[in-house]
Amino acid sequence: MQIRRLSLTQVRRFDAVELLPQPGLNLLTGDNGAGKTSVLEALHLMAYGRSFRGRVRDGLIRQGRDALEVFVEWDELQANRQHHTRRAGLRHSGQDWSGRLDGQDVAQLGNLCAALAVVTFEPGSHALVCGGGEPRRRFLDWGLFHVEPDFLPLWRRYSRALKQRNALLKQGGSARLLDTWDHELAEAGEPLTGRRQQYLERLQERAVQVAADLAPQLAIQSMNLSPGWRRQDLSLADALLLARDRDRQAGYTSVGPHRADWSVAFAAIPGRDALSRGQAKLTALACLLAQAEDYAEQRGHWPVIALDDLASELDRTHQARVLERLLSGPAQIFVTATEAPAALADNQDIARFHVEHGQIMAVP
């Protein structure tokens with residue numbers, strides 16, 4: 001994927017700006033608070049339906065305005081090796097949204113997000129390793145969403161069944177009705193978990209190699225899935241039945257893929273609680289780059305790579321290793337920094353932009 005045009009309207013500090021990025025690496029510099037991160041937030045919004053800083057209504061819309069608008073135009077390599085130009089637009093008020101994709105209205109935000117693939121590394125990315133289970137589940141599901149065509153319907157089927165079962169638990173529903181939704185949850189949840197397991201096993205091989213190249217001292221050994229119930233002992237249907245009394249008291253479903261998690265095992269580090277903040281960031285970055293590489297292999301073209309405030313997140317040695325690895329491939333990359341990272345200081349083959357006073361200016 002190669003973004004040709006990115007337009008932002010009423011996004012944080014920006015009134016209306018347009019960025020015309022180039023293939024390869026695009027470096028956005030500017031003072032703290034100038035709006036560099038907002039550009040990557042807009043890209044992330046188009047790919048995930050939310051900012052990596054949180055919900056749209058939590059400050060992404062420019063103060064005093066009703067809604068933001070983002071428009072992206074990009075070239076995508078097709079199976080016949082021809083480039084196809086695509087266009088997507090999103091208007092979001094923080095509550096309601098409307099979107100268009102290739103000239104057609106979009107009814108579901110997920111369909112809009114499926115079109116543009118962006119892998120983002122930002123100051124909060126260490127939560128992928130050290131935070132709660134939700135970001136790790138989203139990480140797995142985002143990858144599967146893009147590389148397994150039947151995953152989204154399966155995920156939606158499970159989510160609908162979970163919502164119905166939880167409603168019944170709160171209402172004191174009958175055993176017969178709960179049996180029905182237990183069956184539906186198991187029918188969707190077992191294959192959903194199988195896909196997560198296969199995907200994580202595939203990512204593990206890549207993440208081990210990426211980490212060995214970027215940060216050998218991490219010595220990642222494996223990535224391990226906890227499916228959300230004792231899968232080695234029970235089917236999901238049996239686990240739901242055994243948990244039913246407890247779930248009735250709690251008013252929600254306590255077992256299943258919605259409770260899944262995964263962890264990284266290291267050769268010499270006992271677990272994620274023993275990681276320094278820097279080690280957690282490098283581990284998260286290795287996982288994210290492994291995901292990008294897997295996407296490229298499965299889909300035949302690279303996702304966009306967005307690295308926010310790279311210089312403050314990694315030391316010079318690791319910055320250089322990351323950039324060298326990315327620049328050796330065909331991915332389009334966006335990097336923000338207050339000044340050019342040392343590894344790029346003398347590189348004349350990158351596009352440079354300066355962000356200041358609500359404007360984005362190309363630097364000759």
Side-chain angles (χ1 to χ4, degrees), residues 108 110 127-205 207 220-266 269-275 283-284 287 291:
Q108 294 183 312
L128 181 63
V129 177
C130 295
E134 184 179 355
R136 286 187 288 276
R137 286 190 294 273
R138 285 203 305 263
F139 171 85
L140 290 182
D141 293 347
W142 183 90
L144 284 162
F145 176 60
H146 280 283
V147 302
E148 298 285 349
D150 64 341
F151 179 75
L152 182 58
L154 191 63
W155 183 90
R156 285 175 172 164
R157 180 184 175 187
Y158 181 85
S159 297
R160 284 194 297 266
L162 178 63
K163 184 176 180 180
Q164 292 292 335
R165 187 179 192 268
N166 284 342
L168 278 172
L169 290 169
K170 292 176 182 177
Q171 296 163 7
S174 69
R176 181 180 60 80
L177 286 174
L178 283 169
D179 285 344
T180 299
W181 289 110
D182 282 5
H183 176 77
E184 181 70 3
L185 275 176
E187 285 287 302
E190 290 276 10
L192 187 153
T193 298
R195 282 165 173 76
R196 283 175 170 173
Q197 181 67 55
Q198 293 169 4
Y199 181 62
L200 194 63
E201 289 173 358
R202 202 166 70 224
L203 285 187
Q204 173 183 294
E205 183 177 351
I220 290 178
Q221 286 191 316
S222 62
M223 299 167 71
N224 307 299
L225 181 70
S226 299
W229 79 98
R230 297 197 312 274
R231 195 181 183 208
Q232 68 274 18
D233 302 323
L234 296 168
S235 69
L236 179 53
D238 288 342
L240 288 164
L241 183 60
L242 286 174
R244 184 176 292 180
D245 289 343
R246 180 176 71 243
D247 291 352
R248 280 188 182 277
Q249 292 179 354
Y252 63 86
T253 304
S254 62
V255 295
H258 62 289
R259 308 281 288 183
D261 202 351
W262 58 271
S263 60
V264 180
F266 307 87
I269 302 172
R272 67 188 184 196
D273 292 339
L275 292 170
T283 302
C287 294
Q291 185 172 67

Colleague: If the threshold is 4.0 Å, N to carboxylate O, is there a salt bridge linking R165 and E184?
Modeller: no

Colleague: Given 3.5 Å as the limit, does a donor-acceptor pair link the side chain of R137 with the main chain of A260, or not?
Modeller: yes

Colleague: Could you tell me which non-hydrogen atom of P135 sits nearest to which non-hydrogen atom of A127, and how far apart they are?
Modeller: CG-O, 3.9 Å

Colleague: Can you find a pair of side-chain heavy atoms, one from R202 and one from V147, that are under 4.5 Å apart?
Modeller: yes

Colleague: Do other residues, nucleotides or ligands put more than 12 heavy atoms under 6.0 Å from W155 CH2?
Modeller: no

Colleague: Nearest heavy-atom pair of I269 and A274: which atoms, and what distance?
Modeller: CG2-CB, 3.9 Å

Colleague: Evaluate the side-chain proximity of L162 to W181: yes if any heavy-atom separation is below 4.5 Å, no if none is.
Modeller: no

Colleague: Find out whether L225 and T193 are in side-chain contact, i.e. whether some heavy atom of one side chain is under 4.5 Å from a heavy atom of the other.
Modeller: yes

Colleague: Determine whether N224 and L200 make a side-chain contact, defined as any pair of heavy atoms from C-beta on separated by less than 4.5 Å.
Modeller: no

Colleague: For L240 and A186, which heavy atoms make the closest approach, and how far apart are they?
Modeller: CD1-N, 4.5 Å

Colleague: What is the distance from atom CG of D141 to atom CG of L192, rounded to the nearest 0.5 Å?
Modeller: 6.5 Å

Colleague: Decide yes or no for Y158 and L185: does some side-chain heavy atom of the first lie under 4.5 Å from some side-chain heavy atom of the second?
Modeller: yes

Colleague: If you round to the nearest 0.5 Å, how far is CG of D273 from SG of C130?
Modeller: 7.5 Å

Colleague: Are W262 and F139, when compared by the centres of their aromatic rings, separated by less than 6.0 Å?
Modeller: yes

Colleague: So do the side chains of S222 and V264 get within less than 4.5 Å of each other, counting heavy atoms only?
Modeller: no

Colleague: Roughly how far, to the nearest 0.5 Å, is the CG atom of D150 from the CZ atom of R157?
Modeller: 11.5 Å

Colleague: A quick test of your reading: do over 12 heavy atoms of other residues, nucleotides or ligands sit less than 6.0 Å from CD of E205?
Modeller: no

Colleague: Look at the side chain of R195 and the backbone N and O of E148, then say whether any donor-acceptor pair between them is shorter than 3.5 Å.
Modeller: no

Colleague: Looking at R196 and P257, would you say the former's side chain and the latter's main chain have a donor-acceptor pair under 3.5 Å?
Modeller: yes

Colleague: Kindly compute the distance separating CG (L178) from CG (L169), expressed to the nearest 0.5 Å.
Modeller: 5.5 Å

Colleague: Over all heavy atoms of both residues, which pair between W229 and A239 is shortest? Give the atoms and the distance, please.
Modeller: CD1-CB, 3.7 Å

Colleague: Do the side chain of R136 and the main chain of L128 share a donor and acceptor less than 3.5 angstrom apart?
Modeller: yes

Colleague: Is there side-chain contact between Q164 and T180, with heavy atoms separated by less than 4.5 Å?
Modeller: no

Colleague: Any salt bridge between R230 and D238, counting N to O under 4.0 Å?
Modeller: no

Colleague: Does E190 reach the main-chain N or O of L236 with its side chain, forming a donor-acceptor pair under 3.5 Å?
Modeller: yes

Colleague: Hey, does the side chain of H258 reach the backbone of T253 with a donor-acceptor pair shorter than 3.5 angstrom?
Modeller: yes

Colleague: Indicate yes or no for a side-chain donor-acceptor contact from Q204 to the backbone of M223 under 3.5 Å, with no hydrogens or angles considered.
Modeller: yes

Colleague: Evaluate Y199 against L140 for side chain to side chain contact (heavy atoms under 4.5 Å, CB included), listing each step before the verdict.
Modeller: CA-CA 8 Å; Y199 181 62; L140 290 182; 3.9 Å; yes

Colleague: Does any part of the side chain of F266, heavy atoms only, come nearer than 4.5 Å to the side chain of T283, both counted from C-beta?
Modeller: yes

Colleague: Applying the side-chain hydrogen bond (donor to acceptor under 3.5 Å, both in side chains) criterion to S254, which one of R246, R259, Q249 satisfies it?
Modeller: R246

